[in-house]
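Please read the structure below before turning to the comments.
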Amino acid sequence: MSIDGPAPQNTARADRGGHDSTARTLRGIGLLREHGIDFGAIAVVSDPSPARATALYEWFAQLGATSLGVNIEERKGVHHSVVDAGGQVAEFWAALAQAWAVDRRVRIREFDHAFGYFRDQLTGQARARAERPINPMPMITWDGHVVPISPDLAGFTAPRHGPFTVGTVHDAPLGELLARAPAVAWVAEALAGVSACRDSCDHFSYCRGGQAANKYFETGQLNSTETSYCRNSKIALMKGLIHHVEHAHS
(Lines give C-alpha, C1' and ligand atoms only; values in the text may rest on other atoms or scores of the structure.)
Protein backbone atom coordinates (compact mmCIF):
# COMPACT_ATOMS: atom_id res chain seq x y z
CA MET A 1 0.00 0.00 0.00
CA SER A 2 1.41 3.39 -0.99
CA ILE A 3 0.59 5.92 1.72
CA ASP A 4 2.86 8.51 3.32
CA GLY A 5 1.14 8.69 6.68
CA PRO A 6 -2.02 10.32 8.04
CA ALA A 7 -3.79 12.91 5.89
CA PRO A 8 -1.45 15.88 6.62
CA GLN A 9 1.54 13.84 5.36
CA ASN A 10 -0.35 12.21 2.47
CA THR A 11 -1.47 15.32 0.57
CA ALA A 12 0.80 14.58 -2.40
CA ARG A 13 -1.15 11.38 -3.13
CA ALA A 14 -4.16 13.00 -4.75
CA ASP A 15 -6.34 11.11 -7.21
CA ARG A 16 -6.74 12.12 -10.87
CA GLY A 17 -9.37 14.65 -9.87
CA GLY A 18 -7.03 16.27 -7.39
CA HIS A 19 -8.88 14.91 -4.35
CA ASP A 20 -7.26 13.53 -1.22
CA SER A 21 -6.90 9.75 -1.42
CA THR A 22 -6.12 9.05 2.24
CA ALA A 23 -9.57 7.96 3.41
CA ARG A 24 -10.04 5.51 0.54
CA THR A 25 -6.57 4.04 1.02
CA LEU A 26 -7.28 3.54 4.72
CA ARG A 27 -10.60 1.87 3.84
CA GLY A 28 -8.70 -0.54 1.60
CA ILE A 29 -6.26 -1.28 4.39
CA GLY A 30 -9.19 -1.86 6.72
CA LEU A 31 -10.58 -4.48 4.34
CA LEU A 32 -7.23 -6.26 4.25
CA ARG A 33 -7.06 -6.33 8.03
CA GLU A 34 -10.68 -7.48 8.30
CA HIS A 35 -9.88 -10.50 6.12
CA GLY A 36 -6.58 -11.28 7.84
CA ILE A 37 -4.42 -10.36 4.84
CA ASP A 38 -0.96 -9.05 5.70
CA PHE A 39 0.14 -5.94 3.88
CA GLY A 40 3.31 -3.92 3.45
CA ALA A 41 3.53 -0.20 2.86
CA ILE A 42 5.71 2.30 1.01
CA ALA A 43 5.98 5.88 2.23
CA VAL A 44 7.66 8.90 0.64
CA VAL A 45 9.26 11.28 3.15
CA SER A 46 9.87 14.88 2.15
CA ASP A 47 10.64 16.20 5.64
CA PRO A 48 13.18 13.80 7.18
CA SER A 49 13.80 14.56 10.83
CA PRO A 50 14.12 12.46 13.99
CA ALA A 51 10.60 13.41 15.08
CA ARG A 52 9.17 12.45 11.67
CA ALA A 53 10.96 9.09 11.81
CA THR A 54 9.53 8.21 15.22
CA ALA A 55 6.00 9.31 14.30
CA LEU A 56 6.20 7.47 10.96
CA TYR A 57 7.17 4.17 12.54
CA GLU A 58 4.57 4.41 15.30
CA TRP A 59 1.81 5.22 12.81
CA PHE A 60 2.56 2.27 10.53
CA ALA A 61 2.95 -0.08 13.50
CA GLN A 62 -0.49 0.94 14.77
CA LEU A 63 -1.87 0.63 11.24
CA GLY A 64 -0.78 -3.01 11.19
CA ALA A 65 1.74 -2.97 8.35
CA THR A 66 4.11 -5.94 8.39
CA SER A 67 6.80 -4.10 6.41
CA LEU A 68 7.63 -0.55 5.43
CA GLY A 69 9.69 0.85 2.58
CA VAL A 70 10.87 4.43 3.06
CA ASN A 71 11.64 6.56 0.03
CA ILE A 72 13.26 9.90 0.74
CA GLU A 73 11.74 12.30 -1.80
CA GLU A 74 13.57 12.05 -5.14
CA ARG A 75 13.81 14.11 -8.32
CA LYS A 76 12.45 11.68 -10.84
CA GLY A 77 10.18 11.85 -13.88
CA VAL A 78 7.80 14.80 -13.67
CA HIS A 79 8.56 15.28 -9.97
CA HIS A 80 11.24 17.94 -9.58
CA SER A 81 11.54 18.40 -5.81
CA VAL A 82 14.40 16.72 -3.97
CA VAL A 83 15.44 16.57 -0.33
CA ASP A 84 18.83 18.14 0.38
CA ALA A 85 18.91 18.18 4.17
CA GLY A 86 22.52 17.18 4.77
CA GLY A 87 23.19 15.51 8.10
CA GLN A 88 19.52 15.70 9.08
CA VAL A 89 18.76 12.71 6.84
CA ALA A 90 21.26 10.56 8.76
CA GLU A 91 19.54 11.65 11.97
CA PHE A 92 16.22 10.58 10.47
CA TRP A 93 17.56 7.09 9.73
CA ALA A 94 19.12 6.85 13.21
CA ALA A 95 15.80 7.74 14.85
CA LEU A 96 13.94 5.26 12.65
CA ALA A 97 16.42 2.56 13.70
CA GLN A 98 15.83 3.45 17.34
CA ALA A 99 12.06 3.21 16.93
CA TRP A 100 12.44 -0.14 15.18
CA ALA A 101 14.83 -1.46 17.85
CA VAL A 102 12.27 -0.75 20.57
CA ASP A 103 9.29 -2.25 18.73
CA ARG A 104 10.08 -4.63 15.87
CA ARG A 105 6.57 -5.24 14.63
CA VAL A 106 7.33 -3.63 11.27
CA ARG A 107 10.21 -4.74 9.08
CA ILE A 108 12.02 -1.87 7.39
CA ARG A 109 12.97 -2.64 3.79
CA GLU A 110 16.04 -0.39 3.85
CA PHE A 111 17.32 -1.99 7.05
CA ASP A 112 16.91 -5.49 5.60
CA HIS A 113 19.11 -4.47 2.66
CA ALA A 114 21.67 -2.80 4.92
CA PHE A 115 21.86 -5.73 7.34
CA GLY A 116 22.45 -8.09 4.42
CA TYR A 117 25.38 -5.92 3.43
CA PHE A 118 26.70 -5.89 7.00
CA ARG A 119 26.55 -9.69 7.08
CA ASP A 120 28.53 -9.87 3.85
CA GLN A 121 31.12 -7.50 5.29
CA LEU A 122 31.49 -9.52 8.49
CA THR A 123 31.85 -12.79 6.58
CA GLY A 124 34.25 -11.40 3.99
CA GLN A 125 31.73 -11.59 1.16
CA ALA A 126 31.50 -7.87 0.38
CA ARG A 127 33.97 -8.05 -2.52
CA ALA A 128 32.01 -10.91 -4.10
CA ARG A 129 28.85 -8.87 -3.59
CA ALA A 130 30.37 -6.02 -5.59
CA GLU A 131 31.11 -8.36 -8.49
CA ARG A 132 27.64 -9.88 -8.76
CA PRO A 133 25.84 -9.16 -12.04
CA ILE A 134 23.56 -6.14 -12.00
CA ASN A 135 19.88 -7.05 -11.64
CA PRO A 136 18.41 -5.42 -14.76
CA MET A 137 14.71 -5.31 -13.67
CA PRO A 138 13.36 -5.22 -17.26
CA MET A 139 9.94 -3.70 -17.89
CA ILE A 140 7.52 -4.16 -20.77
CA THR A 141 5.30 -1.10 -21.13
CA TRP A 142 1.64 -1.12 -22.14
CA ASP A 143 2.55 -0.74 -25.83
CA GLY A 144 5.20 -3.50 -25.84
CA HIS A 145 8.35 -1.40 -25.47
CA VAL A 146 11.11 -2.97 -23.39
CA VAL A 147 13.05 -0.94 -20.82
CA PRO A 148 15.81 -3.34 -19.75
CA ILE A 149 17.13 -1.37 -16.75
CA SER A 150 15.82 1.26 -14.34
CA PRO A 151 12.08 0.92 -15.09
CA ASP A 152 11.39 4.47 -13.88
CA LEU A 153 12.76 5.61 -17.25
CA ALA A 154 9.78 4.04 -19.03
CA GLY A 155 7.86 6.53 -21.14
CA PHE A 156 10.56 9.20 -21.10
CA THR A 157 12.80 10.45 -23.89
CA ALA A 158 16.32 11.87 -23.80
CA PRO A 159 17.43 14.54 -26.32
CA ARG A 160 20.61 12.59 -27.10
CA HIS A 161 19.18 9.07 -27.08
CA GLY A 162 15.52 9.29 -27.93
CA PRO A 163 13.04 7.05 -26.05
CA PHE A 164 14.39 4.89 -23.23
CA THR A 165 13.63 1.60 -24.92
CA VAL A 166 15.50 -1.15 -26.77
CA GLY A 167 12.61 -2.09 -29.06
CA THR A 168 9.23 -3.75 -28.74
CA VAL A 169 8.13 -7.34 -28.24
CA HIS A 170 6.02 -6.89 -31.38
CA ASP A 171 9.24 -6.83 -33.42
CA ALA A 172 11.52 -9.29 -31.59
CA PRO A 173 11.36 -11.81 -28.72
CA LEU A 174 12.07 -10.44 -25.24
CA GLY A 175 15.21 -12.56 -24.87
CA GLU A 176 16.67 -11.18 -28.07
CA LEU A 177 15.94 -7.58 -27.06
CA LEU A 178 17.61 -8.07 -23.69
CA ALA A 179 20.62 -9.80 -25.23
CA ARG A 180 21.37 -6.88 -27.52
CA ALA A 181 20.46 -4.17 -24.97
CA PRO A 182 24.07 -3.48 -23.81
CA ALA A 183 24.90 -2.29 -27.34
CA VAL A 184 22.09 0.32 -27.30
CA ALA A 185 23.64 3.75 -26.67
CA TRP A 186 21.64 4.79 -23.61
CA VAL A 187 22.01 1.39 -21.94
CA ALA A 188 25.75 1.43 -22.61
CA GLU A 189 25.97 4.88 -21.02
CA ALA A 190 24.07 3.67 -17.96
CA LEU A 191 26.36 0.65 -17.59
CA ALA A 192 29.35 3.00 -17.88
CA GLY A 193 27.84 4.89 -14.95
CA VAL A 194 27.78 1.72 -12.88
CA SER A 195 31.45 1.14 -13.73
CA ALA A 196 32.27 4.72 -12.73
CA CYS A 197 30.57 4.17 -9.37
CA ARG A 198 32.53 0.96 -8.89
CA ASP A 199 35.80 2.82 -9.51
CA SER A 200 35.06 5.89 -7.38
CA CYS A 201 32.69 5.09 -4.53
CA ASP A 202 33.49 3.41 -1.21
CA HIS A 203 29.84 2.40 -0.91
CA PHE A 204 29.65 0.48 -4.19
CA SER A 205 29.49 -2.95 -2.54
CA TYR A 206 26.32 -1.77 -0.84
CA CYS A 207 24.54 0.44 -3.40
CA ARG A 208 25.78 -1.40 -6.54
CA GLY A 209 25.88 1.75 -8.65
CA GLY A 210 22.50 3.26 -7.90
CA GLN A 211 19.72 3.66 -10.44
CA ALA A 212 20.11 5.12 -13.91
CA ALA A 213 16.78 6.97 -13.54
CA ASN A 214 18.01 8.93 -10.52
CA LYS A 215 21.22 9.83 -12.34
CA TYR A 216 19.40 10.98 -15.46
CA PHE A 217 16.69 13.04 -13.78
CA GLU A 218 19.16 14.68 -11.40
CA THR A 219 22.10 15.29 -13.76
CA GLY A 220 20.87 14.77 -17.30
CA GLN A 221 23.49 12.02 -17.72
CA LEU A 222 23.24 8.28 -17.32
CA ASN A 223 26.95 7.81 -16.59
CA SER A 224 27.19 10.17 -13.60
CA THR A 225 28.01 8.89 -10.13
CA GLU A 226 26.88 10.38 -6.81
CA THR A 227 23.35 11.80 -6.65
CA SER A 228 21.08 13.21 -3.96
CA TYR A 229 19.37 9.83 -3.98
CA CYS A 230 22.69 8.17 -3.14
CA ARG A 231 23.42 10.64 -0.37
CA ASN A 232 19.97 10.38 1.21
CA SER A 233 19.04 6.73 0.78
CA LYS A 234 22.42 5.00 0.85
CA ILE A 235 25.21 7.06 2.41
CA ALA A 236 23.06 8.80 5.04
CA LEU A 237 21.37 5.49 5.81
CA MET A 238 24.74 3.90 6.58
CA LYS A 239 25.74 6.87 8.74
CA GLY A 240 22.42 6.77 10.57
CA LEU A 241 22.62 3.06 11.35
CA ILE A 242 26.22 3.38 12.56
CA HIS A 243 25.24 6.36 14.72
CA HIS A 244 22.35 4.36 16.19
CA VAL A 245 24.61 1.42 17.05
CA GLU A 246 27.27 3.67 18.60
CA HIS A 247 24.66 5.52 20.65
CA ALA A 248 22.94 2.30 21.75
CA HIS A 249 26.21 0.86 23.06
CA SER A 250 27.73 4.05 24.50
Side-chain angles (χ1 to χ4, degrees), residues 2 4 12-14 16 42-46 69-85 89 109-110 113 130-237:
S2 293
D4 301 336
R13 294 192 184 273
R16 292 186 181 220
I42 295 177
V44 175
V45 174
S46 58
V70 179
N71 296 337
I72 305 298
E73 188 176 27
E74 307 167 33
R75 179 179 296 141
K76 187 182 287 184
V78 298
H79 186 76
H80 300 298
S81 297
V82 65
V83 170
D84 189 9
V89 184
R109 176 189 62 188
E110 286 70 26
H113 295 169
E131 298 304 322
R132 292 174 193 164
I134 299 297
N135 180 6
M137 296 190 296
M139 172 183 281
I140 303 175
T141 61
W142 67 271
D143 55 356
H145 279 278
V146 175
V147 185
I149 59 173
S150 206
D152 289 333
L153 291 170
F156 290 94
T157 298
R160 291 184 298 111
H161 296 302
F164 289 116
T165 177
V166 295
T168 78
V169 292
H170 302 299
D171 301 325
L174 176 62
E176 180 181 327
L177 293 172
L178 294 177
R180 68 191 192 202
V184 176
W186 73 266
V187 179
E189 184 177 309
L191 295 177
V194 174
S195 296
C197 287
R198 178 184 283 109
D199 294 338
S200 63
C201 183
D202 293 336
H203 296 272
F204 181 80
S205 294
Y206 170 53
C207 78
R208 310 267 290 133
Q211 289 294 324
N214 292 102
K215 296 180 180 183
Y216 178 74
F217 290 119
E218 284 196 38
T219 72
Q221 304 287 330
L222 292 157
N223 57 357
S224 54
T225 53
E226 185 177 306
T227 61
S228 292
Y229 167 77
C230 296
R231 290 189 291 272
N232 290 333
S233 298
K234 302 298 181 181
I235 297 173
L237 171 62

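Numbers here are sequence positions counted from 1.
Looking at Cys201 and Glu226, their side chains never come closer than 4.5 Å, going by heavy atoms from C-beta outward.
Between the side chain of Ser150 and the main chain of Ala213, a donor-acceptor pair closer than 3.5 Å is present. Side-chain N or O atoms of Lys215 include one that pairs as donor or acceptor with a backbone N or O of Ser224 at under 3.5 Å. In terms of modelled atom types and a separation under 3.5 Å, the side chain of Trp186 and the main chain of Thr165 share a donor-acceptor contact. Within the 3.5 Å criterion, the main-chain N or O of His170 finds a donor-acceptor partner in the side chain of Thr168. Under the 3.5 Å distance criterion, the side-chain polar atoms of Glu218 are left unmatched by any main-chain donor or acceptor of Thr227. For the pair Arg208 (side chain) and Arg132 (backbone), a donor-acceptor distance under 3.5 Å is present.
Under the side chain to side chain contact (heavy atoms under 4.5 Å, CB included) test applied with Val44, the options Asn71, Val70, Ile72 reduce to a single match, Asn71.
Atom CG of Asp143 has more than 12 neighbouring heavy atoms from other residues, nucleotides or ligands inside a 6.0 Å radius.
Taken to the nearest 0.5 Å, the CG atom of Asp171 stands 8.0 Å off from the CG atom of Leu177. Atom OG in Ser205 sits 9.0 Å away from atom CZ in Arg198 (nearest 0.5 Å). Taking SG from Cys230 and CZ from Phe204, the interatomic distance works out to 11.0 Å, rounded to the nearest 0.5 Å.
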Would Val187 and Ile149 count as a side-chain contact (heavy atoms from CB on, under 4.5 Å) here? Give the steps. CA-CA 8 Å; Val187 179; Ile149 59 173; 4.3 Å; yes

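Relative to the ring axis of Tyr229, Lys234 does not place its NZ or CZ within 45° and under 6.0 Å from the centre.
Counting only N and O atoms by type, the side chains of Asn214 and Glu74 include a donor and acceptor under 3.5 Å apart.
Applying the ring pair (Phe, Tyr, Trp, His ring centres under 6.0 Å) criterion to Phe217, with sequence neighbours excluded, gives Phe156.
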